[in-house]
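Order of the sequence lines sets the chain letters (A, B, ...), proteins ahead of strands, with each chain counted from 1.
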Number of protein chains: 4
Amino acid sequence: MENKPNKFDKILNSAIKIIGQKGFHGAKVKDIANDAGVADGTIYNYFNNKEDILITIFKVKLEEYVNMAKEEIIGIDNPEEKLRTLVKYHFKVMTETPYLANVLQIELRQPMKELRVKVRKHLKNYFKLIEKVIEEGKEKGFFNKELDVYLAREIYFGTLDEIVSTWIFKGGQWNLLETSDKLVPIFLKAFK
Amino acid sequence: MENKPNKFDKILNSAIKIIGQKGFHGAKVKDIANDAGVADGTIYNYFNNKEDILITIFKVKLEEYVNMAKEEIIGIDNPEEKLRTLVKYHFKVMTETPYLANVLQIELRQPMKELRVKVRKHLKNYFKLIEKVIEEGKEKGFFNKELDVYLAREIYFGTLDEIVSTWIFKGGQWNLLETSDKLVPIFLKAFK
Amino acid sequence: MENKPNKFDKILNSAIKIIGQKGFHGAKVKDIANDAGVADGTIYNYFNNKEDILITIFKVKLEEYVNMAKEEIIGIDNPEEKLRTLVKYHFKVMTETPYLANVLQIELRQPMKELRVKVRKHLKNYFKLIEKVIEEGKEKGFFNKELDVYLAREIYFGTLDEIVSTWIFKGGQWNLLETSDKLVPIFLKAFK
Amino acid sequence: MENKPNKFDKILNSAIKIIGQKGFHGAKVKDIANDAGVADGTIYNYFNNKEDILITIFKVKLEEYVNMAKEEIIGIDNPEEKLRTLVKYHFKVMTETPYLANVLQIELRQPMKELRVKVRKHLKNYFKLIEKVIEEGKEKGFFNKELDVYLAREIYFGTLDEIVSTWIFKGGQWNLLETSDKLVPIFLKAFK
DNA sequence: AATGAATGAGCGTTCATTCAT
DNA sequence: CATGAATGAACGCTCATTCAT
C-alpha cells in the first residue's frame, strides 16, 4: 500500500509540473517520466495513456480542492462570509501551487472535445459548492430572491478564472489576495 | 484585385472552421487546405506557418469585431445602454459564428506560452473598448467612483467568456440573448 | 540576338554566385531568379531544369577556361614553362572568381551519379590540354620517357584541386600564386 | 553487450552503403533504416539526425583507417618504404570497401559549409600521419630539406584522391595496386 | 512491477516545375 | 517572351505506446 501510491503520486506531481510548464501537448511522456524518476513504461502501469494523466489530475486535485474548500467554510454561518472565504481560498491555492494553477486554468479549455468533456466533469462538484452557497444566501435573505444561481456561479467562476488568467499571463506580479478584497464587495452588490 | 483576397479569405475561413472543430493541434494543415480547395503549399503563400494562421485569425477577426462593436454603440450616449449593447453584440457574434466562437474561446488559452502572448495581444483593443465605457460610466455618475476599471473589465470579460464556454460546452442549447437580459442588470448593480 | 544572351548570362552568373555560396542543393531556383532579376518561370525559358543550369555552368565556363588557358601558352615553346603558366593561370582564375572556384571544386564531386558523369565530361578538354603539354615535354626530352601521361595528369590536377580545396576551406587566407612558385619545381622534378 | 553495438554498426554500415550509392542528399533515412532492418525512429536512438550519421561515418571510419594505417608501418624504418606502404594501404582499403570509398571521396566536398567543416575535421589525423612520415623522410635525408611538408601532403592526398575519383568514375575497371607501383617512384622523385 | 529500446504512423514544410495570363 | 501564383510529392523527425526481458 505504500510503494504504489508513492510512485503514483510522484508521477502525478511531475505531470502537474511538466504540463503546467509546457501544456498538455508540449509535455512529453518521457519528460514526465524523467521528472518522476521512473521509466517511460512505468507510467503505463498507473495510467491508461497520456490523456488519462490529465483527467486524473483534474479528478484528484479538484476533489482535494473541493474537500479543502468545504473545510474552510465549515464553521461559517454567514453566506457572504462563506463567499469571501471561498474567493480567498481560490486565490490562495492558485498562488501557492502555480503549476497546478496553470494546468487548471489552461487545460480546462481543451480543444479536444472529448477530453474537454471529461475534464470539465470534475469541476461539477466545485460548481455545486458555489451554487449551494449562493442558494443559501438567497434563502437567508442576503442575496436577491430573483438571482439566477447558475448565472451567478458563472459570474463567480468566470471572473475568478479571468483574474487568475491575467495574473498568470502577466507573470504573477501582484498579490491576488488584495484583489479578493476589492472583488468580494462587488460580488455581494451584484448578487443583492 | 479579387483573386488574392479571395484565396486569403478562403483559407482563413477554412482555418476558423477546422480549428474551431478540432482545435489548433487537431487541425492539420492539409485539412485546412482541403477545405479551402487549395493545395497544401498554397497556404504558405499567404501565411508563414501554421501558428501564423491562428495569430492572423485573432488579428483579423478581433479587429473586425472591435470595429463593429464600436459602430454598434456609435449613437448611444448612456454608458449603461452602451454596456447592454456590447453584451448583446458579444453574444450575437458568438451565436452567429460558432466556429469563430470556438476558436476565440478555446485557443485564447494557448498552452504554448509564446503563442499565447501573441494571441492575447489582439484582445487588447477589445479590453480598451470595455474599459473606456466603464470609465465613462464612472465619470457620468452611473458607476461607482471607486470602481477599479480593470477589475470591472475582468468581471465583464470573464463572465461573458464563461457563459459562452458553458454554452458551447452544452452544445449551444439555449438562446444567449435571453441570458444577456438577465446578466446586464447584475453588471449594472455590481458596478454601482 | 541581344536580349536573350543578356538574360541567359545574367541567370548563369547568378547561378554561379548562388551555387558557389550555398551548393547545388542549397541554391534555390527562386534565389537564382531573384539574384538575376527575373521571374522563377523565366529560368525555364533558358534552361530545361535546375540540373541543366549546373551542367551549363561547367560547359560554358570550362570551355572559356580552356580557351583562355590555350591562349596563355600560345607563344611559349618550352613545355616546362607551359606547365608553369598553366598552374599560375589555374590559381589566378580560382583567386579571381571565387564563386566559380567554389562551384568547380565542390560540385565536380556530384553525389548524383548521372549528374556527375555529365559534369565531369566537360573537364575532358582541360585534361587533354594538360596531357598534351606533358606529352610534348616527354617528346622534347624534358620529362621522363617512361612517365605515364594519365597518371601525371592525375598528379597535376589532383594536387591543384586539393590545394584550392584547402585554400577555400581555410577561407582563402593566403596568396595562391606564391604556392605555385613552390609547387612547379616539384612537378618538374616528379616528371623528370 | 551485443545488441546495441550490433544495431549501431548495422545502421552505420547501411548508411555507408546507401550514402555511397546515392549520395548524402539522395539517401533517405527510410532507405537506411530499411536496409538496416530497423524502424525509422530507431535510427534516432543512435544518431541525433541525418547529418550526424555522415559525421559519425567519417569519425569512426577515418579513426579506424588511421589506426590500421599506423599498424601497417609499425615495423618499418625507411620513410620511403613507409610512404609506399601507406599508398598501397590507401588503395587497398578503397578497393575493398567501395561504398565507403564513395562516401569518403564524394561527401568530403560537402556543399554545406558547416557540414564540410565537421566532416573534414576527421581527416586531420590522417593528414598528420602523412606529414609525420614526410617530416621523418626530411630528417633522415631521404627527402629534400627545403620541401614544404604541407604542400607535399597536398600533393600526396590530392593525387590519391584524384586517382580514386577517376577510378570510381570509370567504374573501378583496373587494379589500383598496379597504379601505386607507378605512382610511388614519382612521389619519391618529387620529394627529393 | 519496472525497464527502455523499438516501433511506425503521422505531420509541417519545402521547392522544382507548370501554366494561365 | 515574361510572370509568379499554384501545385503536391516528398522527407526528416517526433513521440505515445508496446513488450521482451
Side-chain angles (χ1 to χ4, degrees), chain A residues 3-4 6-8 11 24-34 36-53, chain B residues 3-4 6-8 11 24-34 36-53, chain C residues 3-4 6-8 11 24-34 36-53, chain D residues 3-4 6-8 11 24-34 36-53:
Chain A
N3 267 332
K4 206 186 140 185
N6 259 337
K7 211 157 267 188
F8 177 87
I11 294 170
F24 182 67
H25 266 101
K28 310 305 165 201
V29 172
K30 204 179 221 64
D31 296 340
I32 297 172
N34 284 154
V38 300
D40 302 17
T42 303
I43 289 191
Y44 291 84
N45 287 332
Y46 297 89
F47 300 90
N48 296 324
N49 49 45
K50 198 183 165 191
E51 274 191 23
D52 189 34
I53 302 177
Chain B
N3 265 333
K4 209 188 140 184
N6 262 338
K7 208 155 273 185
F8 177 86
I11 295 170
F24 182 68
H25 267 100
K28 307 307 166 197
V29 172
K30 209 179 221 55
D31 297 339
I32 297 172
N34 284 156
V38 300
D40 300 17
T42 303
I43 289 192
Y44 293 86
N45 287 337
Y46 297 89
F47 301 90
N48 297 322
N49 49 47
K50 199 185 166 191
E51 270 193 28
D52 189 34
I53 302 176
Chain C
N3 265 335
K4 205 186 137 183
N6 259 338
K7 209 157 269 187
F8 177 86
I11 294 171
F24 182 67
H25 266 100
K28 310 304 166 203
V29 172
K30 201 177 222 67
D31 297 339
I32 297 172
N34 284 155
V38 301
D40 303 17
T42 304
I43 290 191
Y44 291 85
N45 288 331
Y46 296 90
F47 300 90
N48 296 325
N49 50 45
K50 197 183 166 190
E51 273 192 26
D52 190 33
I53 303 177
Chain D
N3 266 333
K4 208 191 139 182
N6 263 339
K7 208 154 273 188
F8 177 87
I11 295 171
F24 181 68
H25 266 100
K28 307 308 165 196
V29 172
K30 209 179 219 57
D31 297 339
I32 296 172
N34 284 155
V38 299
D40 302 18
T42 303
I43 290 193
Y44 294 87
N45 287 338
Y46 296 90
F47 300 90
N48 297 323
N49 49 46
K50 198 185 165 191
E51 270 193 27
D52 190 35
I53 302 177

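A donor-acceptor contact shorter than 3.5 Å is absent between the side chain of A/Lys30 and the backbone of A/Ala27.
To the nearest angstrom, P of E/dC11 lies 12 Å from CD1 of B/Ile32. We find that CD1 of A/Ile11 is positioned 12 Å from C1' of E/dA1, with the value rounded to whole Å. Atom CG in C/Asp31 sits about 12 Å away from atom C1' in E/dT14, given to the nearest Å. Atoms CZ (C/Phe47) and P (F/dA2) sit 12 Å apart, rounded to a whole Å. The distance from atom NZ of B/Lys7 to atom P of F/dG4 is 16 Å, rounded to the nearest whole Å. Following rounding to the nearest Å, D/Asn6 (CG) and E/dA6 (C1') show an atom-to-atom distance of 15 Å. Atom pair A/Asn34:CG and E/dT3:P shows a separation of 11 Å (rounding to whole Å applied).
Of all non-hydrogen atoms in C/Phe24 and C/Lys50, the two that sit nearest each other are O-NZ, 2.8 Å. B/Tyr44 approaches B/Asn49 most closely through the heavy-atom pair CE2-CA, 3.8 Å. Nearest heavy-atom pair, C/Ile11 versus C/Ala36, reported as atom, atom and distance to 0.1 Å: CA-CB, 3.9 Å.
Using bins of under 30°, 30° to 60° and over 60° for the plane-to-plane angle, the ring pair A/Phe8/A/Tyr46 lands in the tilted bin. C/His25 and D/His25 have parallel rings, their planes meeting at less than 30° on a 0 to 90° scale where 60° marks the start of perpendicular.
Between A/Ile43 atom CD1 and A/Ile32 atom CD1 the span is 5.5 Å, to the nearest 0.5 Å. For the atom pair CG of B/Asn34 and CG of B/Asp40, the computed distance is 7.0 Å after rounding to the nearest 0.5 Å.
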**OP:** Sugar-phosphate means primed atoms, P, OP1 and OP2; the rest is base. With that split, encode nucleotides 8-17 of chain F 5' to 3' as B, S or - using protein heavy atoms under 4.0 Å.
**Re:** B--SSBBSSB
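Secondary structure note: stems in DNA chain F built from 3 or more consecutive Watson-Crick or G-U wobble pairs under 3.5 Å occupy E:2-21 with F:2-21.
Residues D/Val38 and D/Asn45 have side chains not in contact (no heavy-atom distance under 4.5 Å, counting atoms from C-beta outward).
Phosphate proximity of F/dA2 to C/Tyr46: present, with a side-chain N or O under 4.0 Å from OP1 or OP2.
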